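Following: one structure in structure tokens, then a few remarks.
Numbered from 1 within each chain, the chains take letters A, B, ... in sequence-line order. Note that the coordinates shown come from a computational prediction; the quantities given were computed from them, not determined experimentally.
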Amino acid sequence: ILNVEQSPQSLHVQEGDSTNFTCSFPSSNFYALHWYRWETAKSPEALFVMTLNGDEKKKGRISATLNTKEGYSYLYIKGSQPEDSATYLCAFGGSNYKLTFGKGTLLTVNP
Amino acid sequence: KAGVTQTPRYLIKTRGQQVTLSCSPISGHRSVSWYQQTPGQGLQFLFEYFSETQRNKGNFPGRFSGRQFSNSRSEMNVSTLELGDSALYLCASSLAGTGSSYNSPLHFGNGTRLTVT
């Protein structure tokens, strides 16, 4: 059974704070690591797809890094805004045509 | 471009009944995946289809089945419903091809909320 762990489970920050979360995944049979943002009453939305060790991706104030050798990825949000409040999910792509999701990090940004 | 469409949005069924959920992927997407989301469990993989073939199946009982049609639309069926099947069922499509299915992001529908009483 694949284990994809995300930490912390939840996080409360103030508007303007920078924050980061962690996704841990198996370091073998790695194909890709995905990050999604899931806002309340909406469907999950893809942020990044990373496939190479050392990958760094950026989208506005959000960025992500990937270390496949040690099996972790970090998601960073710079200068958090209330509209960043959402659950952030990572998903590991292994060798069997499926993505295994973590349980997510629930971010609340207080104005 | 239309997004992933799931119907119905809400369903209420009683134990023992069966249910069929539908998913229309984004035009041009041939891969369709289904996930179950329950509180505290996160998104659990049900199955993935590509060109009418199931390529992988999650750890769910045989009561959960699916299929994909030649136009890439997919259906999921749950027979003999149990209370524990109450969940949000999400469908996602992607541009994944015959090789690795991981380079393309998933595009999710709004889900079907199933309540079993």
Item checked: Region of B/L43 that comes under 4.5 Å of a non-hydrogen atom in chain A -> both
Notebook entry, point to check: Is chain A contacted by the side chain of B/Q37, its backbone, both, or neither, given a heavy-atom distance below 4.5 Å?
Noted result: side chain
Checklist line | Residue pairs, two or more places apart or on separate chains, that pass side chain to side chain donor-acceptor pair (under 3.5 Å) and touch residues 57-68 of chain A | finding: A/N53-A/T68, A/R61-A/D84, A/N67-A/Y72
Notebook entry, point to check: Is the NZ or CZ atom of B/R55 positioned over B/F50's six-membered ring, under 6.0 angstrom from the centre and within 45° of the axis?
Noted result: yes
Notebook entry, point to check: Considering only heavy atoms, which portion of A/L89 lies under 4.5 Å from any heavy atom of chain B: side chain, backbone, both, or neither?
Noted result: side chain
Notebook entry, point to check: Which value, rounded to the nearest 0.5 Å, describes the distance between B/L88 atom CG and B/T112 atom OG1?
Noted result: 7.5 Å
Notebook entry, point to check: Between B/R63 and B/S79, do the side chains contain an N or O donor and an N or O acceptor separated by less than 3.5 Å?
Noted result: no
Item checked: Largest heavy-atom contact set with chain B, pairs under 4.5 Å, which of A/A46, A/S43, A/A41, A/G102 -> A/S43
Notebook entry, point to check: By a 4.5 Å heavy-atom criterion (distance strictly below it), what part of A/Y36 contacts chain B: side chain, backbone, both, or neither?
Noted result: side chain
Item checked: Pair A/K103 + A/E5: basic N to acidic O under 4.0 Å -> no
Item checked: Contacting moiety of B/F47, where chain A heavy atoms sit under 4.5 Å -> neither
